[in-house]
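Structure first, commentary second.
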2 protein chains.
Amino acid sequence: MRFTTRGKYGLLLMVDLARNLGQGPIPLKSIAERQKLSERYLEQLVLDLRKAGLEKSVRGSQGGYTLAKSPEEINVGDVIRVLEGPIAPVECENQMDKDCCSNTDFCINREVWVKIRDSINDVVDSISLADLLSGRDNEQEKIKIL
Amino acid sequence: MRFTTRGKYGLLLMVDLARNLGQGPIPLKSIAERQKLSERYLEQLVLDLRKAGLEKSVRGSQGGYTLAKSPEEINVGDVIRVLEGPIAPVECENQMDKDCCSNTDFCINREVWVKIRDSINDVVDSISLADLLSGRDNEQEKIKIL
DNA sequence: ACAAATTCCGATGGGTTTAGTAGGATATAA
DNA sequence: TTATATCCTACTAAACCCATCGGAATTTGT
């Protein structure tokens with residue numbers, strides 16, 4: 001039950017952009033260096049993020065990327081779903097919302113998968129890039145861990 | 001973000017055993033037929049489930065498997081963690097509970113991964129095999145979907 | 001004693017996915 | 001015109017998933 005590096009790196013990328021807001025377009029090279037990731041691999045991620053309307057790009061020398069919206073308006077869930085696809089803990093996603101197969105054991109278990117899906121979506125949709133930068137919940141988190 | 005078929009099939013297997021409780025040991029062959037799964041593949045899953053103490057086996061003719069505990073005492077989370085390993089949405093699990101790397105962007109994002117992990121564990125630990133059989137939450141679920 | 005059923009266990013293999021790398025086209029600033 | 005970047009597609013090595021296979025060990029029934 002893992003996200004791939006697409007989601008992991010993509011969120012790093014977006015947080016980096018959010019932190020460097022207002023400095024003009026940020027070239028991928030500098031992000032790759034700061035985050036110690038492959039620039040070439042990040043290229044593929046930003047491509048999807050831009051197409052999804054989460055980033056804007058400026059081509060050519062002095063070019064780079066900026067967030068297309070403010071950090072408050074971009075949720076972690078937006079980023080992750082673009083890079084990882086829709087969150088669905090088991091296959092049969094298209095039917096996960098339907099009452100399609102109510103007499104099999106799979107659909108007895110469907111309750112489990114639906115609840116997992118919903119809980120993950122709730123978490124990622126409740127955290128914005130701005131939240132991450134401000135560390136809003138970090139203290140709660142530390143209390144919980146200790 | 002998917003579980004593998006191990007978790008999916010394993011839960012089917014356990015629900016099947018729970019349903020056929022009190023009928024003596026259930027041979028894998030009959031489970032495989034009912035659930036339309038490969039008996040050979042299920043073999044590998046029950047091996048782990050038995051070693052983890054969730055099932056008991058009886059070898060030889062007329063043998064099979066039974067739940068090692070009552071369906072009320074077995075949570076979905078028990079089953080899934082045995083078959084899929086610990087729930088951890090990104091790598092670095094061993095350190096996910098520690099305050100190990102507080103100055104990197106990864107650990108700014110750690111808040112996200114920790115919350116996802118906890119929310120999944122909360123869901124799967126709150127549902128027992130007995131809950132699934134009784135369909136306790138199914139009505140809530142249908143209301144939510146419609 | 002023997003045959004059938006069944007679990008136990010390790011090895012192997014084909015297909016898919018992941019995590020990049022590579023090549024080259026296009027656009028822009030200086 | 002050169003250097004810097006993004007854009008886009010194709011490729012690849014390694015890992016992982018989903019089984020299948022062969023055969024040993026155990027138990028019941030005849």
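Naming: A, B, ... by sequence-line order, numbering from 1 per chain.
- Rounded to an integer number of Å, the gap from CZ of F3(B) to P of dC17(D) is 13 Å.
- For DNA chain C, no neighbouring residue in residues 13-23 of chain B is found when judged by any heavy atom under 4.0 Å.
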Query - Letter per nucleotide, 5' to 3', of nucleotides 25-30 of chain C [B base touched, S only sugar-phosphate touched, - untouched; heavy atoms, 4.0 Å] - result: -BBBS-
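- For the pair S128(A) (side chain) and D131(A) (backbone), a donor-acceptor distance under 3.5 Å is present.
- The CZ atom of R40(A) sits 13 Å away from the P atom of dC7(D) (whole-angstrom rounding).
- Here CD1 of I120(B) is found 5.5 Å from CD1 of I87(B). Values are rounded to the nearest 0.5 Å.
- The two atoms that bring T66(A) and L17(A) nearest to each other are C-CD1, 4.4 Å, heavy atoms only.
- Straight-line distance from the CZ atom of R6(B) to the P atom of dC17(D): 9 Å, rounded to whole Å.
- Here the C1' atom of nucleotide dT7(C) and the NZ atom of K51(B) are 12 Å apart, to the nearest Å.
- Out of dG20(C), dT6(D), dC8(D), the shortest distance to the side chain of T5(A) is found at dG20(C).
- Nearest nucleotide to the Y65(A) side chain, out of dT6(D), dA22(C), dT7(C): dT6(D).
- With sequence neighbours excluded, no residue forms a side-chain hydrogen bond (donor to acceptor under 3.5 Å, both in side chains) with E33(A).
- Looking at heavy-atom distances under 4.0 Å, Y9(A) makes contact with sugar-phosphate atoms alone, never a base.
- Listed by chain and number, the residues in a ring pair (Phe, Tyr, Trp, His ring centres under 6.0 Å) with F3(B) are W113(A) (sequence neighbours excluded).
- Two residues are said to be in side-chain contact when any heavy atoms from C-beta on lie closer than 4.5 Å; N121(B) and R117(B) meet this criterion.
- Taking atom CD of residue Q44(B) and atom P of nucleotide dT7(C), one finds them 14 Å apart after rounding to whole Å.
- Side-chain contact between D78(A) and R81(A) is present, with at least one heavy-atom pair separated by less than 4.5 Å.
- Here salt bridge (charged side-chain N to carboxylate O under 4.0 Å, His left out) pairs that include residues 48-73 of chain A, with residues two or more places apart or in two chains, are R6(A)-D48(A).
- Minimum interatomic distance between V82(A) and A52(A) (heavy atoms only, all atoms of both residues): CG2-CB, 3.4 Å.
- Residues from residues 30-38 of chain B lying near DNA chain C, meaning a heavy-atom separation below 4.0 Å, are absent.
- The distance from atom CD of E39(B) to atom P of dC21(D) is 13 Å, rounded to the nearest whole Å.
- When the nucleotides dC17(D), dA19(D), dC8(C) are ranked by their closest atom to the side chain of T4(B), dC17(D) comes out on top.
- Atom C1' of nucleotide dA5(D) and atom CG of L42(A) are separated by 14 Å, given to the nearest angstrom.
- Close to dT18(C), at under 4.0 Å from its OP1 or OP2, lies no side-chain N or O of R2(B).
- Atom pair D48(B):CG and dC9(C):P shows a separation of 11 Å (rounding to whole Å applied).
- For the pair V124(A) and I80(A), the tightest heavy-atom approach, listed with the atom from each and the gap, is CG1-CD1, 4.2 Å.
- Side chains of D122(A) and S119(A): no donor on one and acceptor on the other come within 3.5 Å.
- Using modelled atom types and a 3.5 Å distance limit, the side chains of Y41(B) and T5(B) yield a donor-acceptor pair.
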